[in-house]
Amino acid sequence: MRVGIGHDTHRLVEGRPLILGGVRIDHPRGLLGHSDADVVMHAVADALLGAAALGDIGEHYPDTDPRWAGLDGGRLLADVVERVARSDYRPGNCDVIVHAQEPKLTPHKPAIRANLARLLGLDISAVNVKAKTGEHVGPIGRGEAIACEAVVLLRAGAGD
Ligand code: MG
């Protein structure tokens, strides 16, 4: 078994959709980025790459490459799952913390969790999504950014 950690932060700005874990959330601001800026998908993808010792998403999908402009986070995560499978590993479980002062994420957790389970090829019982505010301090607490941390366990054997 292997374990990996992932982190991502994107700035919250006007005029962008807010997409977290593949769920489009109704909110006056969204995350700024070259891709869709889905911090959840990016953090989970980096955790997978980390567990398989395959580098990070910045190496594989550089934000200077026009091919990845507007890249859907779910597509990125699916691609990373395939890369990891080529190294003969498959996800075992996944735990995620989303740091956002606003909006309240409780109503969206089930959909985020289901998206992650589908993309990782896991039963829903092997995926957990937690949400924390920034307690009104720091860039998260002031609503300037949303961040995500993820831990993923990989099992040897690409599966059946
Ligand atoms: Mg990112």
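In listed order, ligands and their atoms are each counted from 1. What you see is a predicted model, and the numbers here were worked out from it, not measured in a lab. Below, all heavy atoms of this structure are taken into account, side chains as well, without hydrogens, waters or symmetry copies.
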Show me the side-chain donor-acceptor pairs of residues 134-145 shorter than 3.5 Å, one per line, residues at least two apart or across chains.
unit_1 : atom_1 : unit_2 : atom_2 : d
H136   : NE2    : Q101   : NE2    : 3.2
R142   : NE     : E144   : OE2    : 2.8

*asked:* If we ignore hydrogens and angles and just use 3.5 Å, is the side chain of R29 paired with the main-chain N or O of E14 as donor and acceptor?
replied: no

Under 3.5 Å, which donor-acceptor pairs do the side chains of residues 62-70 form with other protein atoms, sequence neighbours left out?
unit_1 : atom_1 : unit_2 : atom_2 : d
D65    : OD1    : R67    : N      : 2.9
D65    : OD2    : R67    : NE     : 3.3
D65    : OD2    : R67    : NH2    : 3.0

*Would you call R83 and D79 a salt bridge, using N to O less than 4.0 angstrom?*
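Result for this pair is yes, salt bridge flagged.
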
*Residues in ring pair (Phe, Tyr, Trp, His ring centres under 6.0 Å) with H108, at least two apart?*
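By the ring pair (Phe, Tyr, Trp, His ring centres under 6.0 Å) rule, H108 matches no residue at all.
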
*Would you kindly say whether R155 and Y89 are connected by a side-chain donor-acceptor distance under 3.5 Å?*
no

_Number of protein N, O or S atoms [distance to the Mg ion (ligand 1) under 2.8 Å]_ = 3

